[in-house]
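Encoded as structure tokens, the structure appears first; notes follow it.
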Amino acid sequence: MARVFSGIQPSGGMHLGNLLGALRNWVAYQQDHEAVYCVVDLHALTTAPDPAELRDNTMAAATMLLSVGIDPERSTLFVQSAVAEHAELAWMMECTVGFGELRRMTQFKDKSDRSDFVSAGLFTYPALQAADILLYDTDLVPVGDDQRQHIELCRDIAERFNRRYGDTFAVPAPVIPKAGARVMDLQRPTDKMSKSLESAGTIGVLEEPDSVTRKFKRAVTDSDNDARYDPDTKPGVSNLLGILASVTGRTPQAVADDYTQYGPLKADTADAVNELLDPIRRRYQELSSDPAEISRLLQAGADKARTVATTTLERARTNAGLIPRSPT
Ligand code: AQP
């Protein structure tokens with residue numbers, strides 16, 4: 001069975017972009033793939049979050065993954081820092097990736113432009129991400145469009161390591177959904193919806209239905225009143241069409257044919273999104289009443305992940321010439 005790996009940062013409340021771009025695919029893949037999913041708390045450290053907030057966000061992210069439908073019986077679900085092999089392989093990845101390659105990452109440029117303090121970890125983030133993926137002999141990585149460049153770099157790192165040291169890693173491929181791959185901010189439709197950007201244009205997965213409806217009503221569009229899918233010249237309207245298409249399983253062009261005015265498009269998109277979010281919000285309420293059970297599930301997931309991770313790390317260590325840790 002092909003293996004799927006993906007991760008999500010506990011960097012704040014999850015939003016509609018995370019759900020449509022990634023998490024819905026994660027749920028679908030666990031039906032007929034060996035799925036490994038991870039809350040990547042070490043990645044969140046790159047921006048020095050408050051410790052109590054990081055702990056809360058890590059548990060909230062795990063609770064959210066279970067609420068959207070990740071089934072711990074089918075998938076391996078764990079927190080990255082619980083499997084120390086991620087950090088150790090990350091060093092080997094840092095020694096395999098080029099400084100120039102990391103410098104070209106657009107996400108680093110965007111995030112460093114908005115930060116007062118730019119950590120070295122923010123710069124080497126794609127090396128840790130490559131370690132996350134390659135530890136599990138991953139075939140497929142379901143992600144949103146913003147991660148395309150990082151997954152391409154991960155492929156390059158795997159290929160370079162294999163050329164240097166012999167066949168060690170599977171070379172993974174990204175899987176990016178046709179609709180919903182880049183959900184944009186409703187107020188600034190040229191920026192992607194994001195956890196770390198405070199904005200009235202972000203739709204939280206746990207947000208109250210009335211607030212969701214209000215935000216769609218106020219979504220920035222344009223003065224044409226021409227419901228046409230054209231992300232370059234009509235980013236706001238195209239974003240709404242893309243969201244409604246993703247939620248209803250249609251194409252944005254087909255959705256556009258149903259509308260001549262923006263008002264009904266906004267109202268229908270809000271209704272469809274609320275319908276999608278309702279059961280997730282209810283399940284989140286139920287699950288968050290028992291954090292001890294979630295911790296237990298995460299520990300069991302980490303134990304399962306570690307059995308694969310130790311084997312891959314040992315292979316990488318041996319091939320690179322590191323002597324065994326203890327006599328065998
Ligand atoms: N706006 C988006 N549209 C579609 N997919 C998205 N993803 C993120 N934003 C969008 C996808 O969600 C997965 C998990 O994201 P992450 O938390 O690991 O990555 P991120 O880019 O850090 O997410 P955020 O929400 O945008 O956080 P910040 O504020 O830190 O930049 C990934 O598969 C991602 O593609």
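Atoms within each ligand, like the ligands themselves, are counted from 1 in listed order.
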Taking distance alone, no hydrogens or angles, what donor-acceptor pairs closer than 3.5 Å link side-chain atoms of residues 56-66 to residues at least two apart or in another chain?
{"residue": "N57", "atom": "ND2", "partner": "E53", "partner atom": "O", "Å": "3.4"}
{"residue": "T58", "atom": "OG1", "partner": "L54", "partner atom": "O", "Å": "2.7"}
{"residue": "T63", "atom": "OG1", "partner": "M59", "partner atom": "O", "Å": "2.7"}

Of all residues at least two apart in sequence or in a different chain, which pass the side-chain hydrogen bond (donor to acceptor under 3.5 Å, both in side chains) check with N18?
-> H15
Between E85 and T310, do the side chains contain an N or O donor and an N or O acceptor separated by less than 3.5 Å?
-> no
With a 3.5 Å cut-off and no angle check, do the side chains of S238 and R228 form a donor-acceptor pair?
-> no
Residue contacts for ligand 1, heavy atom to ligand atom, distance under 4.0 Å | G7, I8, Q9, S11, H15, G17, N18, G21, A22, Q107, K111, V143, G144, D146, Q147, G180, A181, R182, V183, K192, M193, S194, K195, S196
May I ask you to decide if the ring planes of F108 and F123 are parallel, tilted or perpendicular, using 30° and 60° as cut-offs?
-> perpendicular
Which donor-acceptor pairs under 3.5 Å do side chains of residues 202-212 form with protein atoms, sequence neighbours excluded?
{"residue": "E207", "atom": "OE1", "partner": "G204", "partner atom": "N", "Å": "2.8"}
{"residue": "E207", "atom": "OE1", "partner": "K215", "partner atom": "NZ", "Å": "3.2"}
{"residue": "E207", "atom": "OE2", "partner": "S211", "partner atom": "OG", "Å": "2.5"}
{"residue": "E207", "atom": "OE2", "partner": "K215", "partner atom": "NZ", "Å": "2.9"}

